Every structure is written in C-alpha cells, then in structure tokens.
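Side chains are part of it too, since the values below use all heavy atoms of this structure and drop only hydrogens, waters and symmetry mates. From a predicted model like this one, the values you see are computed outputs, not experimental measurements.
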Amino acid sequence: MERYVVMLRTDNDDRDITEWAMAETGTDIPVKFIAGKEELDALILSSGDPSLLLLNDSGAAHKGHERLRHFKSNPSYNHIPVVVLGEVCTKDYIRECYRAGANSFIIKPSTLEATKKKVRDFFNYWFNVAEL
C-alpha cells in the first residue's frame, strides 16, 4: 500500500509553502491536503489509511486539541499518528495537545530556510527513523 500523509485544515499559503519545501528538499512522500472529516473518510476508502495526519492549527482560537481529541476518540482513526502544526503557542497549550493524543507538536518556522530544514528533518524522522 502506498505511503502518504494527510494535511488537514490547510489554507493556500500553508499548502504552497509545504509543497515548495517538499520540492526543495526532494521529499517524495505524497501529501494530500483536505479540509475535513468527510474528505478524510473518502480518501481512506479510496487510498487506505494515511501513514500520518498533520493537523494544521493556525486559527486564532487554537482549537487543535479539541479536533484532535475528537479524531483520537474515533476507533476508525485513533491508530493513525497525528502531528499538530501550530503557531507559536504556550507550553500549556502544547501539553493539552499531547493530552488529547498528539504524537508530536511542531511550531511552524518563521522563515523559508527554517521551513525547508524542518520539512526535511520531519520526513526523515517519520519515514526513515520511526516505525509506522
């Protein structure tokens, strides 16, 4: 089965930056960008489980831990590793995401060069070091 990553709740800027960084680093794991649960259900039916789910938490309300808790409480999804991509957050908020079931929390970098490095390191860890 093909390995792929799902990025949930992205805006166009995040999608463009992610695609650019992946191209710059030579990352060849497909990333599928979706908006919500219905698209995730359809994607899993057609392509099987993703190797990893990236939950974009860029909203001002920082509701990522609530979406994560809902996702992890669903037996159809709770085995899929989830990484939260967040803006600069407090330690308490990051801990709340871990309590809700996050497998990792990554603060989005502020420069393109830092983004490229983080994308390269991220994919290296999840697809060459960790067992999925």
Side-chain angles (χ1 to χ4, degrees):
M1 187 166 301
E2 176 189 7
R3 300 183 314 172
Y4 72 98
V5 173
V6 169
M7 192 166 178
L8 182 64
R9 305 228 186 260
T10 61
D11 60 29
N12 288 337
D13 289 340
D14 285 334
R15 181 181 182 151
D16 291 344
I17 289 169
T18 301
E19 288 175 333
W20 170 84
M22 290 179 66
E24 286 288 307
T25 60
T27 303
D28 62 353
I29 303 292
V31 176
K32 301 180 182 196
F33 300 91
I34 63 171
K37 182 188 173 305
E38 294 77 25
E39 286 181 68
L40 180 60
D41 289 339
L43 186 58
I44 288 173
L45 279 174
S46 67
S47 302
D49 288 343
S51 299
L52 194 62
L53 178 80
L54 303 175
L55 178 59
N56 193 19
D57 187 22
S58 60
H62 295 298
K63 303 266 187 194
H65 61 86
E66 292 172 14
R67 287 189 297 266
L68 181 58
R69 190 170 281 115
H70 177 71
F71 182 83
K72 284 297 195 172
S73 69
N74 184 327
S76 297
Y77 308 129
N78 65 8
H79 62 284
I80 301 169
V82 178
V83 175
V84 178
L85 303 173
E87 304 292 335
V88 176
C89 297
T90 66
K91 288 186 183 208
D92 288 339
Y93 182 76
I94 293 169
R95 281 188 198 115
E96 186 61 34
C97 286
Y98 281 117
R99 283 186 199 109
N103 296 93
S104 187
F105 190 102
I106 297 174
I107 296 175
K108 293 178 188 177
S110 59
T111 68
L112 289 177
E113 208 49 47
T115 299
K116 206 164 61 170
K117 180 181 181 333
K118 219 167 236 198
V119 165
R120 182 178 49 248
D121 293 349
F122 173 83
F123 278 94
N124 182 56
Y125 173 77
W126 282 103
F127 291 96
N128 296 320
V129 177
E131 298 300 323
L132 293 173

- Message: Please determine whether a side-chain nitrogen of the Lys or Arg among K117 and E24 lies less than 4.0 Å from a carboxylate oxygen of the Asp or Glu.
- Response: no

- Hey, is the main chain of T111 close enough, under 3.5 Å, to the side chain of K116 for a donor-acceptor pair? no

- Please name the pair of heavy atoms, one in L68 and one in G101, separated by the smallest distance, quoted to 0.1 Å. CD2-C, 4.0 Å

- Can you find a pair of side-chain heavy atoms, one from L52 and one from V6, that are under 4.5 Å apart? no

- Nearest 0.5 Å, what's the CD1-CG distance between I44 and L40? 4.0 Å

- Item | Co-membership, hydrophobic cluster, residues F127 and V129, 4.5 Å side-chain | yes

- Query: Under a single-linkage definition using a 4.5 Å side-chain heavy-atom cutoff for Ile, Leu, Val, Met, Phe, Trp and Tyr, are I17 and M22 assigned to the same hydrophobic cluster?
  - Reply: no

- Task: Could you go through the salt bridge (charged side-chain N to carboxylate O under 4.0 Å, His left out) check for E19 and R15 one step at a time?
- Result: CA-CA 6 Å; E19 288 175 333; R15 181 181 182 151; 3.5 Å; yes

- Query: Does the side chain of D57 come under 3.5 Å of the side chain of Y93 through a donor N or O and an acceptor N or O?
  - Reply: yes

- Message: Check this for me: does any side-chain nitrogen of one of D92 and R95 sit under 4.0 Å from a carboxylate oxygen of the other?
- Response: yes

- In terms of hydrophobic clustering (I, L, V, M, F, W, Y; side-chain heavy atoms under 4.5 Å; direct or indirect links), are L112 and L85 co-clustered? no

- W20 and V119: same hydrophobic cluster, using ILVMFWY side-chain contacts below 4.5 Å? no

- Message: Taking V82's backbone N and O only, do any of them form a donor-acceptor pair with N103's side chain (distance below 3.5 Å, no angle check)?
- Response: yes

- With hydrophobic residues grouped by side-chain heavy-atom distances under 4.5 Å, do F123 and I106 end up in a single group? yes

